Amino acid sequence: MTGYFRAGVFAAAVCAALAAIGAVAAQVGYRPAAEELALEPVEQPLPFSHKTHVGLGVKCKDCHAIADPGFAAGYPAEATCMACHAAIKTESPHIKKLAEFDKTGRPVPWVKIYRVPDFVWFSHAAHVEDAAIACASCHGPVAEREVLFKEKKTSMLACMDCHAKHNAPNDCDLCHDPG
Ligand code: HEC
Ligand code: HEC
Ligand code: HEC
Ligand code: HEC
Ligand code: HEC
């Protein structure tokens, strides 16, 4: 009896949460994507190769600093690139373009590959620093890629699967702030 009762209460709570989040989703105009993985390489404004640059010994966090408050990994400042490219490959049209972005203070308009909707709470610091999860668990073998593409899922199920494997919480309000 109590089991049924509890299941009923849980189902009602889930329905309420779904309705609340559904309303937020509607507000921000969010539609779940039909196709989750975009396995085509993404065309970027500059032909940046992770394989080349990680191969030179530059560390992930030298370029993706995970600055406070730690939500974003972010993209490197153009000055980080120019530390080398003020002297390396200066005759390349791509590096000329890069130097122009740096000089005019406009960030390179990189095309974002991994993205969760605004109603999802996600923190790089919580995963990389607190839970010691490797970048590759969520982004694949980036260090081997000439061109990046979305090769790992960021669906709700993908998040929850990994949480279950690590005995991490899976309450709705962990990832969806009800307030
Ligand atoms: C540690 C030094 C270093 C840093 C930092 C660095 N690069 Fe490079 N980059 C290189 C080297 C070395 C090459 C390979 C040059 C060659 O092919 O001979 C290269 C190649 C490139 C190329 C290919 C150029 C061409 O026309 O062949 C691009 C584009 C590029 N880098 C962009 C960037 C961007 C954007 C950043 C910052 C996010 C950056 N690099 C940071 C050293 C660096
Ligand atoms: C020299 C600087 C540099 C280094 C080192 C570097 N990255 Fe990047 N990273 C970039 C730049 C520039 C972009 C944007 C262009 C692109 O997507 O290739 C980027 C994009 C990414 C993206 C795609 C983000 C998105 O959604 O748009 C991921 C994931 C990523 N890097 C992970 C890594 C990991 C993991 C490492 C270490 C193995 C690493 N990066 C090392 C400069 C760097
Ligand atoms: C637990 C999974 C997970 C781990 C571990 C992880 N990322 Fe991410 N990453 C994501 C998700 C999800 C997004 C999209 C975030 C968003 O849109 O708010 C993302 C976005 C990014 C971006 C795009 C810019 C941004 O900050 O949104 C870069 C660059 C990136 N990650 C690099 C890295 C690097 C480098 C590491 C390791 C130091 C790493 N990530 C570890 C899941 C992860
Ligand atoms: C590769 C495994 C993995 C993936 C994928 C993953 N997580 Fe996590 N996540 C963890 C672990 C482990 C913790 C730490 C739990 C703990 O502290 O007990 C965590 C913690 C969290 C926390 C709590 C952070 C805090 O400060 O307490 C949130 C929120 C979260 N994850 C959201 C997400 C979202 C959203 C996604 C998908 C976009 C995601 N996670 C994908 C493993 C993962
Ligand atoms: C570990 C993180 C995590 C937990 C726990 C979680 N969600 Fe989500 N949820 C997400 C992510 C990530 C998305 C966005 C997925 C995407 O980009 O398509 C999402 C999307 C949604 C959406 C939007 C519609 C859809 O299907 O994409 C609803 C509604 C939702 N979640 C409800 C819930 C409810 C109810 C619970 C509790 C049973 C819950 N979520 C628990 C991460 C989580």
Side-chain angles (χ1 to χ4, degrees), residues 21 32-33 36-38 40-66 69-102 106-178:
I21 294 157
E36 170 64 29
L37 290 179
E40 291 296 310
V42 173
E43 194 173 330
Q44 295 287 357
L46 297 171
F48 177 82
S49 159
H50 275 81
K51 192 176 181 198
T52 299
H53 289 87
V54 178
L56 293 168
V58 191
K59 301 279 174 250
C60 307
K61 285 198 201 164
D62 294 340
C63 286
H64 304 290
I66 313 190
F71 295 113
Y75 301 100
E78 286 61 40
T80 309
C81 314
M82 293 314 288
C84 290
H85 285 293
I88 293 171
K89 279 257 165 167
T90 52
E91 288 313 307
S92 151
H94 305 302
I95 300 305
K96 284 189 172 143
K97 204 169 148 192
L98 173 65
E100 191 60 25
F101 279 114
D102 179 54
R106 283 181 303 141
V108 180
W110 302 114
V111 179
K112 193 162 147 81
I113 300 167
Y114 289 89
R115 183 187 297 283
V116 291
D118 288 347
F119 58 85
V120 175
W121 199 91
F122 178 81
S123 158
H124 272 91
H127 289 91
V128 175
E129 274 137 38
D130 304 346
I133 296 186
C135 311
S137 312
C138 298
H139 296 302
V142 169
E144 294 163 24
R145 298 279 178 252
E146 295 282 0
V147 182
L148 299 191
F149 52 92
K150 186 170 180 188
E151 55 187 298
K152 291 280 191 177
K153 293 186 177 187
T154 54
S155 64
M156 179 159 135
L157 207 60
C159 310
M160 290 179 91
D161 262 358
C162 186
H163 280 208
K165 281 193 194 107
H166 283 80
N167 286 321
N170 258 330
D171 311 280
C172 310
D173 64 3
L174 183 81
C175 305
H176 305 293
D177 185 353

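All values reported here derive from a predicted model rather than from experimental measurement. Whatever order the structure lists ligands and atoms in, that order sets their numbers, starting from 1. Note: hydrogens, waters and symmetry copies are ignored here, and every other heavy atom, side chains too, is used.
Under a 3.5 Å cut-off, the side chain of E78 and the backbone N or O of V108 do form a donor-acceptor pair. Side chain of D62 to backbone of K59: a donor-acceptor contact under 3.5 angstrom is found. Judged by distance alone, the side chain of H124 and the main-chain N or O of I66 form no donor-acceptor pair under 3.5 Å. Looking only at distances, no side-chain donor or acceptor of H50 sits under 3.5 Å from a matching main-chain atom of V142. Checked by atom type and distance alone, the side chain of H166 pairs as donor or acceptor with a backbone atom of C162 at under 3.5 Å. Between the T90 side chain and the A87 main chain, no donor and acceptor come within less than 3.5 Å of each other. In this structure a side-chain-to-backbone donor-acceptor pair under 3.5 Å is missing from K152 to Y114.
For atom 1 (C) of ligand 4, the candidate residues are C162, P117, S155; the nearest heavy-atom contact is made by C162. The option from D102, V108, I95 that lies nearest to atom 22 (C) of ligand 1, judged by heavy atoms, is I95. Taking all heavy atoms of G70, S137, A131 into account, the minimum distance to atom 11 (C) of ligand 4 is reached by A131. Residue nearest to atom 33 (C) of ligand 4, selected from H127, R115, K153, H166: H127 (by heavy-atom distance). Considering each of K165, H163, H176, the one bringing a non-hydrogen atom nearest atom 30 (C) of ligand 4 is H163. Compare C84, C63, P47 by their heavy atoms: the one nearest to atom 3 (C) of ligand 2 is in C63. Relative to atom 28 (C) of ligand 2, the option among T154, L148, D62 with the closest non-hydrogen atom is L148. Distances from atom 21 (C) of ligand 1 to the heavy atoms of H53, H94, K89, H64 show the closest one on H53.
Between W110 and P45 there is a side-chain heavy-atom pair separated by less than 4.5 Å. Side-chain contact between F101 and C81 is absent, with no heavy-atom pair separated by less than 4.5 Å. Counting only heavy atoms from C-beta outward, the side chains of L46 and L98 approach each other to under 4.5 Å. Counting heavy atoms from C-beta outward, M156 and H176 have side chains that approach closer than 4.5 Å. Side-chain contact between L157 and K153 is absent, with no heavy-atom pair separated by less than 4.5 Å. The side-chain heavy atoms of V58 and C63, taken from C-beta on, include a pair separated by under 4.5 Å. For the pair H85 and M82, the minimum side-chain heavy-atom distance is below 4.5 Å.
Considering only non-hydrogen protein atoms, atom 37 (C) of ligand 4 sits nearest to C159 SG, 1.9 Å. The nearest heavy-atom contact from the protein to atom 35 (C) of ligand 2 is C135 CB, 3.4 Å. When only non-hydrogen protein atoms are considered, atom 19 (C) of ligand 1 lies nearest to H85 CE1, 3.4 Å. Remark: minimum distance from atom 18 (O) of ligand 4 to any protein heavy atom is reached at P169 CD, 4.2 Å. Nearest to atom 39 (C) of ligand 2 among the protein's heavy atoms is H50 CD2, 3.4 Å. From the protein, the heavy atom lying nearest to atom 15 (C) of ligand 2 is W110 CE3, 3.4 Å. Atom 12 (C) of ligand 1 has as its closest protein heavy atom L56 CD1, 3.6 Å.
In terms of polar-atom proximity, defined here as any N/O pair under 3.5 Å, V58 makes no such contact with ligand 2. Residue Y114 has at least one nitrogen or oxygen atom sitting less than 3.5 Å from a nitrogen or oxygen atom of ligand 2, judged on distance alone. The shortest N or O to N or O distance between T80 and ligand 1 is not below 3.5 Å. Considering backbone and side-chain N/O atoms, Y75 comes within less than 3.5 Å of an N/O atom of ligand 2. Considering backbone and side-chain N/O atoms, Q44 comes within less than 3.5 Å of an N/O atom of ligand 2. Between T52 and ligand 1, no pair of N/O atoms sits closer than 3.5 Å.
Contact annotation: for D130 versus ligand 4, there are no heavy atoms closer than 4.0 Å. Both the backbone and the side chain of C60 come within contact range of ligand 2, each with a heavy atom under 4.0 Å. Here V142 has side-chain heavy atoms under 4.0 Å from ligand 2, and that is the only part of it that gets that close. Residue contacts with ligand 4, taken as heavy atom pairs separated by less than 4.0 Å, involve A126 solely via side-chain atoms from C-beta onward. Neither the backbone nor the side chain of E78 comes within contact range of ligand 1; no heavy atom lies under 4.0 Å. Both the backbone and the side chain of L174 come within contact range of ligand 4, each with a heavy atom under 4.0 Å.
Note that atom 8 (Fe) of ligand 4 has protein non-hydrogen atoms nearby, at separations under 4.0 angstrom. The nearest protein heavy atom to atom 41 (C) of ligand 4 is closer than 4.0 Å.
The aromatic rings of H127 and F122 lie parallel to each other, their planes meeting at an angle below 30°, with 60° marking the opposite boundary.
Taking every non-hydrogen atom of H139 and a distance limit under 4.0 Å, the qualifying atoms of ligand 2 come out as 29 (C). For ligand 1, the atoms lying closer than 4.0 Å to a non-hydrogen atom of P76 are 38 (C). Set against the non-hydrogen atoms of C175, the atoms of ligand 4 under 4.0 Å away are 32 (C), 35 (C). Heavy-atom contacts of S92 reach the following atoms of ligand 1: 24 (C), 25 (C), 26 (O) (cutoff under 4.0 Å). Interface atoms of ligand 4 facing V120, defined by a heavy-atom separation under 4.0 Å, are 35 (C).
Residue contact annotation: S123 has no non-hydrogen atom under 4.0 Å from ligand 4. At least one heavy atom of V111 sits under 4.0 Å from some atom of ligand 2.
Using a cut-off of 2.8 Å, one finds that C81 contributes no N/O/S atom close to atom 8 (Fe) of ligand 1.
Looking at E151 and R145, a side-chain N of the basic residue comes within less than 4.0 Å of a carboxylate O on the acidic one, giving a salt bridge.
Note: L56 CG to I88 CD1 = 7.0 Å, rounded to the nearest 0.5 Å.
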Does the side chain to side chain contact (heavy atoms under 4.5 Å, CB included) test come out yes or no for T52 and E146, once each step is laid out?
-> CA-CA 7 Å; T52 299; E146 295 282 0; 4.3 Å; yes

Under the side chain to side chain contact (heavy atoms under 4.5 Å, CB included) rule, what do H163 and L174 come out as? Steps first, then yes or no, please.
-> CA-CA 11 Å; H163 280 208; L174 183 81; 3.5 Å; yes

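Aromatic pair H53/F48: ring centres closer than 6.0 Å.
Annotation for K96: atom NZ counts as buried by contact number, over 12 foreign heavy atoms lying within 6.0 Å.
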